[in-house]
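Every chain is numbered from 1 and lettered A, B, ... according to where its sequence line falls, protein lines coming before strand lines.
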Amino acid sequence: MRWTIRIRVVYQGFFLILFLWLLGRLAAGDPRAFPFSAFQHGDPLSAIAVVLASGTLPGALIWALVLIALTLVFGRVFCGWICPLGTLQQLSSWLFSPRSRRESLQVNRYRRWYALKSYILAALLVGALAGTVQTGLLDPLSLTARGLASGVWPVLPGGRPVPGGWLAAVLLLAVVVASRWIPRLFCRGLCPLGALLGVFSRFAVFRIHRASDACNSCKLCAFACQGADEPLGNHRVSECHVCLNCLPGCPEDAMSYGALPPLPAPPARPDLSRRYLFGSMLGAFAVAPLLRATGGGREAAKPFLLRPPGALAEPEFLQRCVKCSLCQQACPTGALQPAIAQAGVEGFWTPVLVPRRGWCEFACVRCGEVCPTAAITRLLPARKTGYDGRTPVSIGTAFVDRGRCLPWAMNTPCIVCEEMCPTDPKAIWFEVADEPGRDGARRRLQRPRVDAAKCVGCGICENKCPVGEEAAIRITSVGETRDPLNRLLAGGSAP
Amino acid sequence: MSDPYRAHITRREAVLRLSSTALAAAAVGGGAIAFHDRRTVSAAAAPIPDWRVAPAEGSPAAAAARGPDPAGNVRRALAALGGMERYVRRGEVVLIKPNIGWDRLPEQAANTDPQVVAELVRLCIAAGARNVVVTDISCNDPRRCFARSGIAAAASAAGAEVVASASLHLVPASLAGLSAGLEVAQELLRADRVINVPVVKHHSLSKVTLGMKNWLGVQGKGRNRLHQDINRALAELCATFRPTLTVVDATRVLVANGPVGGSLSDVRQVGAVAVGTDPVLCDAWGAALLGHVPANLPFIAEAERGGLGRADLALVRELGDA
């Protein structure tokens with residue numbers, strides 16, 4: 001193992017541990033201001049998709065330029081040196097798959113279907129242009145964080161359940177395990193971020209070069225090639241992960257990595273069929289409106305689609321959310337869950353607040369702080385709570401179910417919802433009644449009523465309601481600040 | 001196998017390759033700077049224009065004409081205010097807002113009489129209007145309302161552009177008070193002049209529904225919230241939307257089961273039309289037809305208190321029968 005590879009492995013380990021550590025600190029509720037969304041901010045796939053869908057590049061996503069610049073100079077070093085999903089796959093293929101040299105050569109050969117990732121990229125970008133951002137389904141950063149937040153953290157000590165998270169976990173597991181048969185199967189054939197970086201790496205200054213006079217065509221360079229980019233023949237620079245395994249692999253020292261090496265003539269072109277490319281773009285163009293019409297956007301806003309505080313109105317939210325799960329991981333009460341059906345097909349895996357799992361802590365603004373694409377805007381606690389003198393930010397309204405509520409239905413005293421209510425004055429107040437019980441004795445009851453003008457829909461009443469399974473007080477999205485059309489009360493000041 | 005690699009790279013090729021890299025970097029960087037936005041999203045609310053025109057010297061704030069011909073009533077009442085030329089100038093775009101809220105026939109008196117609307121369209125065109133738009137956001141299925149009210153056919157025949165409810169563009173508007181957050185038809189905001197043409201009807205909550213209540217029909221989803229405090233809401237609408245003219249159609253008056261009606265026994269043939277520049281006075285005149293003392297209706301009293309007009313029926317010039 002030459003020193004270049006040692007350095008790469010150190011980098012890979014560092015970035016994988018950093019990725020896991022940030023997710024861990026986020027889940028632990030570490031109050032220090034770590035750059036929790038640093039990886040996601042640097043993601044050019046999110047940046048380009050959000051620009052195409054919304055017409056703006058929100059805030060810190062401009063860091064994606066760093067990664068693009070890095071790729072323009074060094075090639076796809078992100079894939080080979082930084083990406084946590086790439087590292088996990090490489091680890092899995094190294095651990096579980098001792099191969100003979102012949103087998104290794106076989107599995108690391110380029111295959112035509114690896115062009116699939118480019119068709120996926122084209123379809124996702126055209127979909128974004130048509131208004132629906134679905135890059136998060138396959139973006140390696142989203143896929144990894146989501147799989148870990150939904151499948152690994154819930155089973156760690158102190159973890160909170162994520163019902164409906166199993167699919168995200170299984171997808172991550174499948175990607176990692178598939179590497180046992182074909183190393184980095186996901187990177188080579190499916191990853192839209194890799195395909196995007198491949199476009200930029202065609203301009204790369206630093207490249208792999210094979211000195212023709214020294215090479216005796218022994219093929220040992222392809223033995224551990226991660227990208228299946230054929231360093232031996234006409235090197236495919238847009239497939240290359242810059243893992244540099246080919247350098248020490250060569251017994252003749254014919255392989256090198258340096259600035260501006262001579263290019264092979266003719267230069268390798270991406271193995272794309274124009275017909276398929278056009279087809280995938282046309283397909284996405286047709287499917288995007290279908291996704292919207294059959295379950296997305298404002299039309300699909302279901303009563304139990306509670307979005308995190310500060311979330312943009314549904315159409316704008318869906319133009320930005322990359323389903324990265326950071327808000328879910330950041331939520332201190334475990335209230336944010338990946339949506340399965342609440343947000344329609346288009347909003348699959350976007351964050352939704354489930355009050356029976358947790359509530360929105362009154363002065364907490366963490367989800368907005370970590371959202372990499374400003375789908376959830378950054379709120380100051382004083383703004384969210386209304387302590388700045390304006391109307392507090394609301395995500396919904398509580399409704400009392402008088403058929404289940406203990407004081408209303410069972411003549412049994414209970415004041416838990418009112419007790420928990422965080423607003424000032426409390427949104428829940430009491431109607432006092434002296435009602436006869438079954439034995440005829442009168443009992444003083446405090447029956448909860450909701451002041452919809454004060455309620456912010458935080459859901460702590462529903463969460464703490466002692467009536468099991470379905471609570472006797474429940475939140476629906478009406479009255480949410482983000483949608484001026486989803487209102488209950490007339491008037492009121494705009495936030 | 002011939003080797004695709006050459007041994008050297010020329011200076012010229014190095015410069016070309018570095019420039020293409022730099023060009024790619026510049027393209028991406030330039031795009032990022034062009035699209036970069038540190039702010040969060042916010043939709044700008046459109047302001048609501050004031051469509052009023054100073055009335056002629058010595059002309060009354062409102063005039064009412066009676067007679068069997070609704071079109072004649074419109075002409076006579078308007079003539080008392082100085083004629084349509086006084087209010088609509090050459091080349092202007094006029095929006096006429098009748099009540100087309102219900103899937104009812106003209107005889108059922110739930111919508112504005114089509115002849116009144118058609119006559120207003122003709123007068124506007126004669127005064128030189130570039131375009132006359134007739135529209136409403138109906139409560140029942142708009143296609144049925146526009147057709148069965150007779151307004152779509154009569155207004156198009158008179159030369160108006162009838163805009164179906166579904167074709168209106170609703171935009172956020174700077175509405176105050178109870179209407180805050182509602183959307184308004186952009187076609188209204190773009191008109192140079194606006195004529196509000198309500199029909200006199202009974203209403204279960206506000207007692208009567210007239211010009212102020214007619215403004216609900218330019219607002220989008222959520223306008224039903226205004227019924228939570230209807231009197232305050234109507235006065236606010238009156239202060240927000242300042243029409244060029246209010247034309248109160250009392251050709252037929254729905255005296256009970258409003259504002260939808262249905263039974264012809266609830267319809268009284270009155271055969272009157274009032275035209276005015278004072279929206280409060282116009283509503284007061286209509287309320288009196290239903291037997292109310294205008295000042296006793298809270299929304300009229302509140303609008304008058306707000307200085308939006310006078311509810312003194314003596315200010316209406318009664319032109320009598322034709």
Side-chain angles (χ1 to χ4, degrees), chain A residues 44 47-48 50-52 54-62 64-65 68-69 71-73 199-200 202-205 209-213 215 217 233-235 259-268 310 312-313 316-317 319-320 374 377-378 483-494, chain B residues 1-11 13-43 45 170 172-183 220-230 232-233 236:
Chain A
I48 291 178
V50 169
V51 166
L52 289 177
S54 72
T56 56
L57 179 63
L61 269 184
I62 195 128
L65 285 179
I68 291 178
T71 310
L72 284 173
V73 177
V199 172
F200 293 112
R202 295 178 65 191
F203 298 97
V205 177
H209 175 63
R210 181 169 56 93
S212 306
D213 43 3
C215 173
S217 300
N234 200 341
H235 182 231
L260 290 172
L263 288 184
L312 299 175
E316 287 78 32
F317 182 82
Q319 286 168 358
R320 282 171 177 74
T377 51
R378 217 170 252 251
D483 185 358
L485 297 184
N486 187 14
R487 286 233 206 147
L488 180 64
L489 298 176
S493 58
Chain B
M1 189 173 100
S2 74
D3 195 322
Y5 282 95
R6 286 160 297 141
H8 300 289
I9 170 171
T10 62
R11 183 175 297 148
E13 195 188 344
V15 168
L16 280 176
R17 272 166 62 186
L18 281 176
S19 339
S20 72
T21 306
L23 217 67
V28 179
I33 290 163
F35 286 108
H36 190 221
D37 185 6
R38 303 181 62 81
R39 293 169 298 127
T40 54
V41 201
S42 64
L170 294 174
S174 51
L175 295 170
L178 297 175
S179 294
L182 292 181
E183 293 181 326
K221 186 186 151 200
R223 64 193 191 191
N224 292 346
R225 293 196 298 265
L226 299 182
H227 297 91
Q228 293 167 14
D229 187 355
I230 194 74
R232 187 186 141 201
E236 284 174 355

If I measure from the heavy atoms of chain B, does A/L488 come under 4.5 Å with its side chain, its backbone, both, or neither?
backbone
Any heavy-atom pair between the side chains of A/R487 and B/L182 that's under 4.5 Å?
no
Between the main-chain N or O of B/R17 and the side-chain N or O of B/S20, is there a donor-acceptor pair closer than 3.5 Å?
yes
If I take atom CG from residue A/D483 and atom CG from residue A/L312, how far apart are they, to the nearest 0.5 angstrom?
11.5 Å
Out of A/L52, A/V50, A/V51, which one pairs with A/I48 under the side chain to side chain contact (heavy atoms under 4.5 Å, CB included) rule?
A/L52
Less than 4.5 Å to any heavy atom of chain B: does that hold for the side chain of A/L72, its backbone, both, or neither?
both
Give the member of B/G181, B/G222, B/A14 that has the highest number of heavy-atom pairs under 4.5 Å with chain A.
B/G181
Pairing donors with acceptors under 3.5 angstrom, does anything connect the side chains of A/T56 and A/R320?
yes
Where does A/L65 contact chain B at under 4.5 Å (heavy atoms): side chain, backbone, both or neither?
side chain
Less than 4.5 Å to any heavy atom of chain B: does that hold for the side chain of A/P261, its backbone, both, or neither?
both
